[in-house]
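Below: the structure, in structure tokens.
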Number of protein chains: 2
Amino acid sequence: MLVPGKTSGRAGIADVARLAGVSIGTASKALNDRGQLREETRARVQAAAEQLGFIPSSVATSLLTGRTFTVGLIMTDHHGRFSLPVLHGAEDALGWAETLAFVCDTRDDPIREQHYVRSLLGRRVDGIIVAGRRAEARPPLITRAPVPVVYAFARSADEGDCSVVTDEEGGAVLAIEHLVRTGRRRIAHVTGPHGHASAIARVAGVSRALRAAGLEPVGDPWYGGWSEVWGRFAAAALTREHPDVDAVFCGSDTIARGVADGLRESGRRVPEDVALVGVDNWAPIAEECRPPLTSVDLNLREVGRQAGRLLLQAIENGHTPGVHSVDCQLVVRSSSAPASGRT
Amino acid sequence: MLVPGKTSGRAGIADVARLAGVSIGTASKALNDRGQLREETRARVQAAAEQLGFIPSSVATSLLTGRTFTVGLIMTDHHGRFSLPVLHGAEDALGWAETLAFVCDTRDDPIREQHYVRSLLGRRVDGIIVAGRRAEARPPLITRAPVPVVYAFARSADEGDCSVVTDEEGGAVLAIEHLVRTGRRRIAHVTGPHGHASAIARVAGVSRALRAAGLEPVGDPWYGGWSEVWGRFAAAALTREHPDVDAVFCGSDTIARGVADGLRESGRRVPEDVALVGVDNWAPIAEECRPPLTSVDLNLREVGRQAGRLLLQAIENGHTPGVHSVDCQLVVRSSSAPASGRT
DNA sequence: TTGAAAGCGCTAACAA
DNA sequence: TTGTTAGCGCTTTCAA
């Protein structure tokens, strides 16, 4: 089955050495700028390598050094809305092709996850990033990994692990502060399912920020789904029950878009009568919203960047346990423009 | 810099052999079910491996066999709407962790692409999948790769390469046929920018299907952008210029959603007065559309699956040049329900 | 300044 | 049935 020595047509260092008329060891030194070599020799070897299109096999050096400059990125989020930005951030931190990432989509299946982890370990990855799909804590990897693991976005339920998360509560605070600063006083909160970790965190942030501003909430938080339908429904009910509402903070851009449509259809103008802020800053929704939606960006890319950085650090200098939190960022669009001259 | 022999705490086959009281060679045979061994020995070795949590280093076997069971997946599509399904399909074909994929996002930067390719080649990937972002042909990889390359979604401009694409023209035909079959006769086509490959292919499909049905197009194709704003604008203009229009085929779900809103706001009911079909079957848009949108699915996952399959085939049995086309699939939702009893 | 040789973890011939 | 050895492609001592 295994045919040894299937050295493809690729040039090896032996070919380079032969072409340059030096020994393999000398060629190695020349190519890696190590040791003491005559400049002429070095140049000759490099020219030979160039000519042959020599690309050193990192398989060989990995075997030698025990390091592969390779990590695993496990994503559980099938459509990638959350995992992709994390991947991009990780790529930033991993130095654009310095270290490469094996991406594994587990489809939320623990069996598959285990498979992937084993496979990654067999490939001797230097570390693993686990990118979750939601803000809930997730169970740690089943397989005990002999390499560092960093959880991104969804933190590990094990406090001894290293996780990077988004400060969702802080994001809500940002949103409310923005609304207050732009003159809104009657602020409602429409969010996703009751009991959902993100919803809980944001509700906490809303309360905190409203209290700090000396404002009463407009009714209880409105729990529902993450859909536009829910947003439209909530908008209708909200204007009926609290006709004086002048701002709505929504648990997601999707909800916010529904609220925007719902408000418009019940005769309220956005942002003149009611300001709107969503969460996710998901371009296809936020930018197509009428009007374009002010939104809290979860800064997932930065989460990925941090995760990558912490992973490299763990690989080089050991574990950094704990939950590392990344701030959200408010992206202002027209849906929250001040009603009048109030600033 | 390179510290040789940094054998981490991981168990190696030598440890397994020692624990089982056999030689390394014997341990290898036992673990790989090769050679003739006493059953008892095999079991003892396997137990030892189990106990030590031994996972064989594929780095070593890769060096030996010249095959890494690893591929590169280059994506140029930053938000992953097109590349992710391709990745998932590829994972299907690559046998869920049998072969692992390094995912590289080039951000459409040729320099970065070159970097990644070199890095992949250094890691001795068995092959490369290049997942494009649009239906336009793309220039082939700059670096001549000594391994098979398959282009997915965006085909290579070089006909000698192997590409897997979606049959966009066929998708348009599917849409028109569906509309005709459900009794529509005055069918308009609103699409993206003039000159865009996808738009061109779809326009061709529309003409073909209309001609086959013996119908006249309702005016020329409406070229614009891929946005909802364009859809809304087009809907208004369309109903003004062609009040008898009873169906609109849109170049994307986003456009279709704009058209849906535009129609509703000019007093047309969807689907009672006007049926609507989009392209992409992008859940967050198609499902949130009012009403939920019938859409042509590009079958990107199947594109990825094919690409993976062709790549493996190329790795094992050599190159399969040419453009391989995958059919689209119509996903029917309420936006195209028959107006009355006509079937 | 260069070459020769050992060895990374493992498999597969060959020897015992 | 088991052990020994060579070697995959490279880096790095150490000797020349």
Next on the checklist: Minimum heavy-atom separation for Asp77(B) and Arg81(B), please, with both atom names.
Outcome noted: OD2-N, 3.2 Å
Item to check | Closest approach of Arg305(B) to Ala93(B) (non-hydrogen atoms, all atoms of both residues) | outcome: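 So the minimum-distance heavy-atom pair works out to O-CB, 3.3 Å.
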Next on the checklist: If the helix axis at each end comes from five base pairs, how far does the helix from dT1(C)-dA16(D) to dA16(C)-dT1(D) deviate from straight, to 10°?
Outcome noted: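 Taking five pairs per end, the axes differ by 60°.
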Is it the case that the side chain of [X] and the backbone of [Y] share a donor-acceptor pair, with hydrogens and angles ignored and the cut-off at 3.5 Å?
X: His319(B); Y: Gly160(B); value: yes
X: Asp158(B); Y: Pro140(B); value: no
X: Thr166(A); Y: Leu298(A); value: yes
X: Ser119(A); Y: His115(A); value: no

Item to check | Results of salt bridge (charged side-chain N to carboxylate O under 4.0 Å, His left out) for Asp15(A) - residues two or more places apart only | outcome: Arg18(A)
Checklist entry - The side chain of Leu37(A) lies closest to which of these nucleotides: dC10(C), dG9(D), dT2(C)? => result dT2(C)
Item to check | Closest to the Leu63(A) side chain, choosing from dC8(C), dC10(D), dG7(D) | outcome: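 Side chain of Leu63(A) sits closest to dC8(C).
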Item to check | Phosphate contact (dA12(C) OP1 or OP2) by Arg34(B) side-chain N/O below 4.0 Å | outcome: yes
Tell me: [atom1] of [X] to [atom2] of [N], nearest whole Å?
X: Arg67(B); N: dG9(D); atom1: CZ; atom2: C1'; answer: 19 Å
X: Arg124(A); N: dC10(C); atom1: CZ; atom2: C1'; answer: 11 Å
X: Ile13(A); N: dG3(C); atom1: CD1; atom2: P; answer: 12 Å
X: Gln36(B); N: dC14(C); atom1: CD; atom2: P; answer: 16 Å
X: Leu64(B); N: dA6(D); atom1: CG; atom2: P; answer: 15 Å
X: Arg123(B); N: dG9(D); atom1: CZ; atom2: P; answer: 19 Å

Item to check | Cationic N near anionic O, under 4.0 Å, Arg112(B) to Glu91(A) | outcome: no
Checklist entry - When you check the gap from the basic side-chain N to the acidic O, do Asp92(A) and Arg309(A) get nearer than 4.0 Å? => result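 Looking at Asp92(A) and Arg309(A), the cut-off is not met.
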Side-chain donor-acceptor pairs under 3.5 Å in residues 125-134 of chain B, sequence neighbours left out?
unit_1, atom_1, unit_2, atom_2, d
Asp126(B), OD1, Thr68(B), N, 3.0
Asp126(B), OD1, Thr68(B), OG1, 3.4
Asp126(B), OD2, Arg67(B), NE, 3.3
Asp126(B), OD2, Phe69(B), N, 2.6
Asp126(B), OD2, Thr70(B), N, 3.4
Arg133(B), NH1, Asp108(B), OD2, 2.9
Arg133(B), NH2, Asp108(B), OD2, 3.1
Arg134(B), NE, His196(B), NE2, 3.4

Checklist entry - Looking at DNA chain D, which of residues 18-32 of chain B put a heavy atom within less than 4.0 Å of it? => result Val22(B), Ser23(B), Gly25(B), Thr26(B), Lys29(B)
Under 3.5 Å, which donor-acceptor pairs do the side chains of residues 141-153 of chain B form with other protein atoms, sequence neighbours left out?
unit_1, atom_1, unit_2, atom_2, d
Tyr151(B), OH, Leu141(B), N, 2.9

Checklist entry - For residues 39-52 of chain B, which residues have at least one heavy atom under 4.0 Å from DNA chain C? => result none
